[in-house]
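Atoms considered below: every heavy atom in the structure, side chains included; atoms not considered: hydrogens, waters and symmetry mates. All ligand and atom numbering here is 1-based and tracks the order in the structure.
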Amino acid sequence: MIKITFPDGSVREYNEGVTGLQIAESISSRLAQDVLACGVNGETIDLSRPINEDANFVLYKWEDEQGKHAFWHTSAHLLAEALQELYPGIQFGIGPAIENGFYYDVDPGEAIIKEADLPAIEAKMAELAAKKEALVRQSIAKEDALKKFGERGETYKCELISELEDGHITTYTQGAFTDLCRGPHLTSTAPIKAIKLLSVAGAYWRGQEDRKQMTRIYGITFPKKKMLDEYLVMLEEAKKRDHRKIGKEMDLFMFTDMVGKGLPMWLPKGTALRIRLQDFLRRIQARYDYQEVMCPPIGNKNLYITSGHYAKYGKDSFQPIHTPKKGKSIS
Ligand SMILES: [Zn+2]
């Protein structure tokens, strides 16, 4: 027997090898329906994975970030499964869950995937989800993984596998689709009831501009149709309140390519607003005894190397300014 400790401190005993789903079922069948993933000693895992040791245990539902993450990550796999059926020979990059939904980076070869194609892909996803296919996790040796994905011509996956440590490689399969993946995932695609693919964008493989430009498909899914409807209304409302739209309408700021993209110039009304905000902040900070200091807007390159900014953004925004040597005139 193993001891399972719940977040409220209560402890129950279960047979070794019990799964998260079985634990949920032992509490209530309703809970077993709502639960999406579980936490075992701090690690989020599939509900179908056996637990073999005493553990601090937590169940994650839709309301939990970990639950949503498993839901959306599984949805990314469902998108890939649909694409594999609709675009034979398509190659897959990465397909993570993100803050709101998920995306998958794909290389459709000769084919072009446009926004107009998204409804057909959504329909295929819904058709596949209705099959309630189980997600099956498998540990696989590095050599076998390279062979398996290599046979399918999956060069992007092979590149990822070649960088992984042998002994820690897992795949997840649902229906005819197998992905290189660490998980965690839902036990099946059944809970994915409402699907919306939102947009198509270009994205360089691994974010490197000298690599292949992939097609990135963004989407979001929900366990209930009503939740999707509400989300789409919220997106429309957010569009109305977009700061770029409001800024223009209220004459708060303007942009010109002569200055640079994304660099706002504050107009009189916007500047007045900004000063009021700054005054407000100053008053609050003074109340809490903060003192103001001022720093130069630029600094030595080493500062940005130390902070880590240079490694991340150096190419785009932290190029050193080279001043002419003494004695030479500035042209
Ligand atoms: Zn995955």
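Environment of OH in Y290: sparse, with no more than 12 heavy atoms of neighbouring residues, nucleotides or ligands closer than 6.0 Å.
The Zn ion (ligand 1) has H73 NE2, H77 NE2, C181 SG as protein N, O or S atoms under 2.8 Å away.
The ring pair (Phe, Tyr, Trp, His ring centres under 6.0 Å) analysis of residues 7-51, with sequence neighbours excluded, yields no pairs.
Only one option out of L235, L118, L232 pairs with K196 in a side-chain contact (heavy atoms from CB on, under 4.5 Å); it is L232.
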query: After noting the C-alpha distance and the side-chain angles of K240 and E237, does the key distance pass the salt bridge (Lys or Arg N to Asp or Glu O under 4.0 Å) rule?
result: CA-CA 5 Å; K240 288 183 205 160; E237 292 297 313; 2.9 Å; yes

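Remark: R206 engages E159, E163 in a salt bridge (Lys or Arg N to Asp or Glu O under 4.0 Å) (not counting sequence neighbours). Considering only residues two or more places apart in sequence or on other chains, E165 meets the salt bridge (Lys or Arg N to Asp or Glu O under 4.0 Å) condition with none of them.
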